[in-house]
There are 2 protein chains.
Amino acid sequence: MGGQIQREIMQLILDRGLRPGELLPTETELMDDLQVSRNSVREALKALQALDIVEIRHGYGTYVGQASLTPLADGLTFRTLVQLGGDDVHALSEILQVREVLEEGLVLRIIDTIPDADIDELDEIVKRMETRAKEGEVFPDEDRDFHEVLYRSMGNALVPQLLSAFWNVFHRVAGARGWADDPSPMGTARRHKEIVRALRARDRERVEAAMSTHFRGIETRAKKAMRGVG
Amino acid sequence: MGGQIQREIMQLILDRGLRPGELLPTETELMDDLQVSRNSVREALKALQALDIVEIRHGYGTYVGQASLTPLADGLTFRTLVQLGGDDVHALSEILQVREVLEEGLVLRIIDTIPDADIDELDEIVKRMETRAKEGEVFPDEDRDFHEVLYRSMGNALVPQLLSAFWNVFHRVAGARGWADDPSPMGTARRHKEIVRALRARDRERVEAAMSTHFRGIETRAKKAMRGVG
DNA sequence: GCACATTTGTGCGTATGTATG
DNA sequence: GCATACATACGCACAAATGTG
């Protein structure tokens, strides 16, 4: 089997109780431990690096990785581009649909419990969005921060990583295809502002409507981009 | 940069418009095209294989992969085990929480549109569950099929893959930790049956309640397992 | 700044395993 | 069985990056 050595290295990490950030044995030591050649060790490490299970630093050593969702973003990006290449724009709307279902469900779970401090922070982010929008600029970083702060109070580390992965796919595909930036930053800022207002009012129906409107905005923007270039 | 050759190979696939299942250039051809050694090509291919972007068949050739969510399942499994190793059972409940939000949102989107034929198929799956449960057996395959058929009518290929990835993580972690199987197959079958009944009645509130109960069952089962062994 | 050891990165040669004709 | 073509695996040598003294 090709993935045998990979599994042995993963098991070695688990057996020795190594934690993310800690140093792995050197390639030479792994050769001795697993009784395989250096090339085989390196191929296994490269595969594990692609999964963010290990992190390799030239001239220093190999660490246990964070097992982030980077590989998910990589895989989905490639998957989308390959399908777009075959004249299929369906893949991107599938990702958008999953993200929408997730966020509309998530926001209802935090509506009663999100601290006022977090809502204040969302307000600040929206203010920055508005400032940039007035100058005709786009604000991908603020957009990213917004959705991260929104679900921070859940204490679920997987949620922001998953959303971030979807977000990355969307923007990387847009970049690779040469699509234009958000054509209406003012509208995007306004839709985020309405989410914050609805949240502050702790108004369930209004929050649902605001989040739904937010995603209609993204959908429109994506379809425009596809028509415009693709 | 380490991932340079990987990106070049990905770009090569996109540039040549290769589709999943099609044959890539041989390693020798890639050496010539990219002007790098065989080892470098192989390490890049191994990394892409880990992401399911290429598929390597010994003695035959390298194909464009399906870009499935296998890497997500691998990464989340490792992530969970590493954190459990550090006395942290939080990671698994995070995954469960995301899956719950997803499924509770998804089921409301198909409630009015799922074809009667699919509901009939769900009924058949539940009947198989009951048969096995009566014999004291567990039914992981039927469980898997149930949630796949449930969302089939959405026409979103990402949904079942994502749910399947989460499902795999859950069961692989359980296996690696030596946790016991479902202690109450009858209860699990009953909860699935109620979902089908609520769906057939197209009763929104009842479906929500049934899905929520279903996840309370999984949660209980997981917590029991953790207490029992971990 | 400099020399040195350690570690990962790259390249090449060769032998072996596997599928096709 | 044999020949061919390909992937797989191993071992060695040297280059490049990093940390230490």
Side-chain angles (χ1 to χ4, degrees), chain A residues 1-13 15-16 18-68 70-71 74 78, chain B residues 1-13 16 18-68 70-71 74-75 78:
Chain A
M1 220 345 227
Q4 182 57 36
I5 304 178
Q6 298 173 36
R7 276 194 294 274
E8 290 183 42
I9 294 177
M10 287 177 59
Q11 199 56 50
L12 181 147
I13 295 173
D15 289 344
R16 302 194 182 180
L18 297 179
R19 310 275 301 162
E22 289 190 305
L23 263 172
L24 257 70
T26 66
E27 295 179 353
T28 314
E29 288 173 313
L30 287 174
M31 286 171 60
D32 297 340
D33 286 0
L34 308 179
Q35 287 295 305
V36 290
S37 77
R38 177 147 180 249
N39 280 344
S40 301
V41 169
R42 285 185 54 77
E43 285 172 9
L45 287 178
K46 280 286 184 180
L48 292 177
Q49 182 188 35
L51 298 173
D52 198 23
I53 284 177
V54 307
E55 193 183 329
I56 305 176
R57 282 181 54 185
H58 188 163
Y60 195 84
T62 305
Y63 298 85
V64 180
Q66 305 296 325
S68 69
T70 309
D74 292 344
F78 179 80
Chain B
M1 208 7 215
Q4 183 57 37
I5 303 177
Q6 298 172 36
R7 275 192 296 274
E8 290 184 43
I9 294 177
M10 287 177 60
Q11 199 57 48
L12 181 147
I13 295 173
R16 302 194 181 179
L18 297 179
R19 309 276 300 162
E22 290 191 306
L23 211 51
L24 255 70
T26 67
E27 295 181 353
T28 314
E29 288 174 310
L30 287 174
M31 287 171 61
D32 296 341
D33 286 359
L34 309 179
Q35 287 296 305
V36 290
S37 78
R38 187 177 203 83
N39 277 344
S40 303
V41 169
R42 285 184 55 75
E43 286 172 10
L45 286 178
K46 281 285 184 178
L48 293 176
Q49 183 188 35
L51 297 173
D52 198 23
I53 284 177
V54 306
E55 192 184 330
I56 304 176
R57 281 181 54 185
H58 189 132
Y60 197 85
T62 305
Y63 297 84
V64 179
Q66 304 297 324
S68 69
T70 309
D74 292 344
F78 178 80

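Numbers restart at 1 for each chain; the letters A, B, ... are given by sequence-line order, proteins then strands.
The separation between A:Glu27 atom CD and D:dT18 atom P is 15 Å, rounded to whole Å. We find that NZ of A:Lys46 is positioned 12 Å from P of C:dT8, with the value rounded to whole Å. In this structure, the CG atom of A:Asp32 is 12 Å from the P atom of C:dT7, given to the nearest Å. Between the P atom of D:dC10 and the CD atom of B:Glu43 lies a distance of 14 Å, rounded to the nearest Å. Rounded to whole Å, the distance from CG on A:Leu45 to C1' on C:dT10 is 16 Å. As a whole-Å value, the separation of A:Arg42 CZ from D:dT8 P is 17 Å. As rounded to whole Å, 11 Å separates atom P of D:dA9 from atom CD of A:Gln4. If you take CG of A:Leu24 and P of C:dT8, they are 9 Å apart, rounded to a whole angstrom.
For A:Ser40 and D:dC10, the shortest distance from a side-chain N or O to OP1 or OP2 is below 4.0 Å.
Listed by first then second residue, pairs satisfying salt bridge (Lys or Arg N to Asp or Glu O under 4.0 Å) with a partner in residues 26-37 of chain B read B:Arg16-B:Asp33, B:Glu27-B:Arg38, B:Glu27-B:Arg42, not counting sequence neighbours. Residue pairs meeting the salt bridge (Lys or Arg N to Asp or Glu O under 4.0 Å) criterion with at least one partner in residues 49-62 of chain A, sequence neighbours excluded, do not occur; the list is empty.
Residues passing the side-chain contact (heavy atoms from CB on, under 4.5 Å) test with B:Thr62 are B:Leu24, B:Leu45, B:Val54, B:Ile56, sequence neighbours excluded. Under the side-chain contact (heavy atoms from CB on, under 4.5 Å) criterion, A:Thr28 pairs with A:Thr26, not counting sequence neighbours.
In this structure, A:Glu22 contributes its side chain and A:Arg19 its backbone to a donor-acceptor pair below 3.5 Å.
To the nearest 0.5 Å, atom CG of residue A:Leu18 and atom CE of residue A:Met10 are 13.0 Å apart. For the atom pair CD of B:Gln35 and CD of B:Glu8, the computed distance is 10.5 Å after rounding to the nearest 0.5 Å.
For D:dC2, the paired base is C:dG21 (Watson-Crick or G-U wobble, both distances below 3.5 Å).
Across all their heavy atoms, A:Ala47 and B:Ala50 have their closest contact at O-CB, 3.6 Å.
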Scan nucleotides 11-13 of chain D against the protein and return all N/O pairs shorter than 3.5 Å with their distances rounded to 0.1 Å.
unit_1 : atom_1 : unit_2  : atom_2 : d
D:dG11 : O6     : A:Asn39 : ND2    : 2.7

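Using a 4.5 Å heavy-atom threshold, the side chains of B:Ile9 and B:Leu34 count as touching.
The stretch residues 54-64 of chain A touches DNA chain D through A:Arg57, A:His58, A:Gly59, A:Tyr60, each having a heavy atom within less than 4.0 Å of the strand.
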